[in-house]
Trainee: 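Take this structure, written in structure tokens, and hold onto it; I'll ask about it next.
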Amino acid sequence: MLAAGNHAGTRELLEDRDIQTFPRRIQDRYELTLARARYGEQDRWDAFETLRDFADHHPHSELRAQAEALIYEIGSELAVSDGGFWIFWSDRRAGQTVLEHLITRYPDTQRLDDALRILGEMAFEDGNWKLAQERFRDLIQRRPDSGWAALAGFRFAMSIVRSVRGPEYDLDQLQLATRELQVFLDSKPENVGFVAEATAAQDTLRRWLAERHLIVAKFYDRIGNAAGRQRALERAAEEQFRDTAHGQEARAWLQQLGSKP
């Protein structure tokens, strides 16, 4: 019936029988067939629920790869769906749940990089920079040869950039974002759009870093700490900040103090 495309008939036939009435050796086939019937009727969430515990119930099943593939299809389709019901239900959130289940229960799945890419993009779109970093870092580390590796490197770096609140805060994040952008650019990416955006972000971070060092110098100046002021000014006057306004201000200040930048 399923092969003939009769999803409703297959579902009705199988739902009339409890899985425990079948011999254990074919219970995995029962679950997969029922899930396919529900999926065929566009009832993706019920199809996933049918397979949610498949890896636990049938750890050695020869149908494991087919169950894994169907779970990925369900998750990837729900993730891009705009379906839902008010605040109570969202296909997109359901897709996230399904794909998170996939990467957790099927860590060796061939679709790991695809699932991580979708989850990473969802976190990036939601402004969840920490989660986006985790997803794209996992993709880079666990699937370095993936066709998504360049995208992951770009998104990983940019998610750190987006998490930076400005020159007054997050010195460590500023420095980390700068390093990761350089790692991405050093990889010689082919996507000119990514390169342009990363380069622009790098310029912004350089300005912020120079400003941060100058802010520290002014603080030390106010409290009368000449040594601290000198160190901060020297950092703001480094060659990498020469073309920034704050770098130039630091150089001028050092000259007034009789120090060479």
Trainee: Is there a donor-acceptor pair under 3.5 Å between the side chain of S61 and the backbone N or O of H58?
Mentor: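 Pair absent, no side-chain N/O of S61 close to backbone of H58.
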Trainee: Looking only at the side chains, is there a donor atom on one of E68 and T109 sitting less than 3.5 Å from an acceptor on the other?
Mentor: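 On atom types as modelled, these side chains qualify, holding a pair under 3.5 Å.
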Trainee: Atom CD1 in I74, atom OG1 in T97: separation rounded to 0.5 Å?
Mentor: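 It comes to 12.5 Å.
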Trainee: Can you confirm whether W253 sits close enough to K218 that some side-chain heavy atom of one is under 4.5 Å from a side-chain heavy atom of the other?
Mentor: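 Yes; the side chains approach each other to less than 4.5 Å.
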Trainee: Please report the interatomic distance CG(L214) to CG(L233), rounded to the nearest 0.5 Å.
Mentor: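 Atom-to-atom, L214:CG and L233:CG are 6.5 Å apart.
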Trainee: Look up atom CD1 in I71 and atom OG in S76, then write down how far apart they are to the nearest 0.5 Å.
Mentor: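 These two atoms lie 12.0 Å from each other.
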Trainee: Measure the shortest side-chain to side-chain distance between P189 and F184 over non-hydrogen atoms and say whether it is less than 4.5 angstrom.
Mentor: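 Answer yes - side chains close enough.
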Trainee: For the residue pair V164 and V161, establish whether any side-chain heavy-atom pair is separated by less than 4.5 Å.
Mentor: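 Side chain of V164 against side chain of V161, heavy atoms only: no contact under 4.5 Å found.
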Trainee: Look at R44 together with D91 and state whether they make a salt bridge at an N to O cut-off of under 4.0 Å.
Mentor: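 Between D91 and R44 there is no salt bridge, as every charged N stays at least 4.0 Å from the carboxylate O atoms.
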Trainee: So do E31 and D53 actually touch side chain to side chain, heavy atoms under 4.5 Å?
Mentor: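 With C-beta onward as the side chain, the pair stays apart.
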Trainee: I need the F54 CZ to Q27 CD distance, nearest 0.5 Å.
Mentor: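 Going from the CZ atom of F54 to the CD atom of Q27 covers 11.0 Å.
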Trainee: Go through the steps to decide whether R231 and E234 satisfy the test salt bridge (charged side-chain N to carboxylate O under 4.0 Å, His left out), and finish with yes or no.
Mentor: CA-CA 5 Å; R231 287 194 301 271; E234 288 174 352; over 6 Å; no
Trainee: Has the side chain of R206 got a donor or acceptor atom that lies under 3.5 Å from a matching backbone atom of T244?
Mentor: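 Judged by distance alone, no pair lies under 3.5 Å.
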Trainee: Tell me whether E190 at atom CD has more than 12 heavy atoms from other residues, nucleotides or ligands lying less than 6.0 Å away.
Mentor: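 Open.
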Trainee: Using only atom types and a distance under 3.5 Å, with no angle test, would you say the side chain of Y30 pairs donor to acceptor with the backbone of L14?
Mentor: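 Between the backbone of L14 and the side chain of Y30 there is a qualifying donor-acceptor contact (under 3.5 Å).
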Trainee: Side chains of W208 and H246: does their closest heavy-atom pair fall under 4.5 Å?
Mentor: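 No, too far: nothing below the 4.5 Å cut-off.
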Trainee: Go through the steps to decide whether I103 and L99 satisfy the test side-chain contact (heavy atoms from CB on, under 4.5 Å), and finish with yes or no.
Mentor: CA-CA 6 Å; I103 65 174; L99 292 174; 5.7 Å; no
Trainee: Under 4.0 Å between a Lys/Arg side-chain N and an Asp/Glu carboxylate O for E41 and R38?
Mentor: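 Here E41 does not pair with R38 in a salt bridge, since their nearest N and O are not under 4.0 Å apart.
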Trainee: Taking the side chain as C-beta and beyond, is there a heavy-atom pair between L254 and Q230 under 4.5 Å?
Mentor: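 SC-SC contact between L254 and Q230 confirmed.
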Trainee: Given a cutoff of under 4.5 Å between side-chain heavy atoms of I, L, V, M, F, W and Y, with clusters grown through shared members, what are the other residues clustered with V80?
Mentor: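 Grouped by the 4.5 Å side-chain rule, V80 forms a cluster of one, so the answer is none.
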Trainee: Would you find more than 12 non-hydrogen atoms of other residues, nucleotides or ligands less than 6.0 Å from R29 atom CZ?
Mentor: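 Not buried by this count: 12 neighbours or fewer within 6.0 Å.
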Trainee: Find the distance between CZ (R155) and CZ (R117) and round it off to the nearest 0.5 Å.
Mentor: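 The CZ atom of R155 sits 9.5 Å away from the CZ atom of R117.
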Trainee: Identify the heavy atoms of P167 and R212 that sit nearest to each other, and give their distance.
Mentor: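 Looks like O-CD, 3.0 Å.
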Trainee: Tell me, please, which residues at least two apart from K130 pass salt bridge (charged side-chain N to carboxylate O under 4.0 Å, His left out).
Mentor: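 Listed in chain order: nothing, the list is empty.
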Trainee: Please confirm whether R137 makes a cation-pi placement over F156, using NZ or CZ under 6.0 Å from the six-membered ring centre and within 45° of the ring normal.
Mentor: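 No, R137 and F156 do not form such a contact.
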Trainee: Hey, can you tell me if F124 and F136 have their rings parallel, tilted or perpendicular (30° and 60° cut-offs)?
Mentor: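 Ring orientation of F124 relative to F136: perpendicular.
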Trainee: Is it the case that more than 12 heavy atoms not belonging to E62 sit under 6.0 Å from its CD atom?
Mentor: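 12 or below, so no.
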Trainee: If we ignore hydrogens and angles and just use 3.5 Å, is the side chain of T10 paired with the main-chain N or O of A37 as donor and acceptor?
Mentor: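 Looks like no, no N/O pair under 3.5 Å.
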Trainee: Linking Ile, Leu, Val, Met, Phe, Trp and Tyr by side-chain heavy atoms under 4.5 Å, what else ends up with V183?
Mentor: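 Joined to V183, directly or through intermediates: none.
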Trainee: Nearest 0.5 angstrom please: I140 CD1 to Q133 CD, how far?
Mentor: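 So the gap between those two atoms works out to 10.5 Å.
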Trainee: With sequence neighbours excluded, what pairs up with R235 under the side chain to side chain donor-acceptor pair (under 3.5 Å) test?
Mentor: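 R235 satisfies side chain to side chain donor-acceptor pair (under 3.5 Å) with no other residue.
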Trainee: What residues form a salt bridge (charged side-chain N to carboxylate O under 4.0 Å, His left out) with E134, not counting sequence neighbours?
Mentor: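 With sequence neighbours excluded, E134 shows a salt bridge (charged side-chain N to carboxylate O under 4.0 Å, His left out) to no residue whatsoever.
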Trainee: So, for A217 and R229, which heavy atoms are closest and what is the spacing to 0.1 Å?
Mentor: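 Where A217 meets R229 most closely, the heavy atoms are O-CG, 3.7 Å.
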Trainee: What I want to find out is whether R36 reaches E73 closely enough, with some N-O distance under 4.0 Å, to be called a salt bridge.
Mentor: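 No, no charged N to carboxylate O under 4.0 Å.
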Trainee: Taking atom types as modelled, is there a side-chain donor on Q173 or R165 under 3.5 Å from an acceptor on the other?
Mentor: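 Note: Q173 and R165 side chains miss the donor-acceptor criterion.
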Trainee: Under a 3.5 Å threshold, yes or no: a donor from one side chain and an acceptor from the other, between Q110 and Y72?
Mentor: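 Note: Q110 and Y72 side chains miss the donor-acceptor criterion.
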Trainee: Kindly give the heavy-atom pair with the smallest separation between G166 and L174, and that separation in Å.
Mentor: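 Where G166 meets L174 most closely, the heavy atoms are O-CD1, 4.1 Å.
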Trainee: Give a yes or no on whether the backbone of Y39 and the side-chain of H7 come within a donor-acceptor separation of less than 3.5 Å.
Mentor: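 No, the answer is negative, given that no donor and acceptor are paired below the 3.5 Å cut-off.
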Trainee: Taking the basic N atoms (NZ, or NE/NH1/NH2) and the acidic carboxylate oxygens, is any pair closer than 4.0 Å for D16 and R11?
Mentor: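 Salt bridge absent between D16 and R11.
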Trainee: Quick check with a 6.0 Å cut-off and a 45 degree axis cone: is R17 positioned over the face of F22's six-membered ring?
Mentor: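 Judged by the rule, R17 and F22 form a cation-pi pair.
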Trainee: Do the side chains of R142 and D113 get close enough for a salt bridge, i.e. N-O under 4.0 angstrom?
Mentor: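 Salt bridge between R142 and D113, a charged N being under 4.0 Å from a carboxylate O: no.
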Trainee: Check residues 193-204 and write down every donor-acceptor pair under 3.5 Å in which the side-chain atom is one partner and the other belongs to a residue at least two apart or another chain.
Mentor:
from : atom 1 : to   : atom 2 : distance (Å)
E197 : OE2    : R162 : NH2    : 3.4
T199 : OG1    : V195 : O      : 2.7
Q202 : NE2    : Q182 : OE1    : 2.7
T204 : OG1    : A200 : O      : 3.2
T204 : OG1    : R207 : NH2    : 3.2

Trainee: Are there more than 12 heavy atoms of other residues, nucleotides or ligands under 6.0 Å from atom CD of E100?
Mentor: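 Yes, CD of E100 has more than 12 neighbouring heavy atoms, counting only those of other groups under 6.0 Å.
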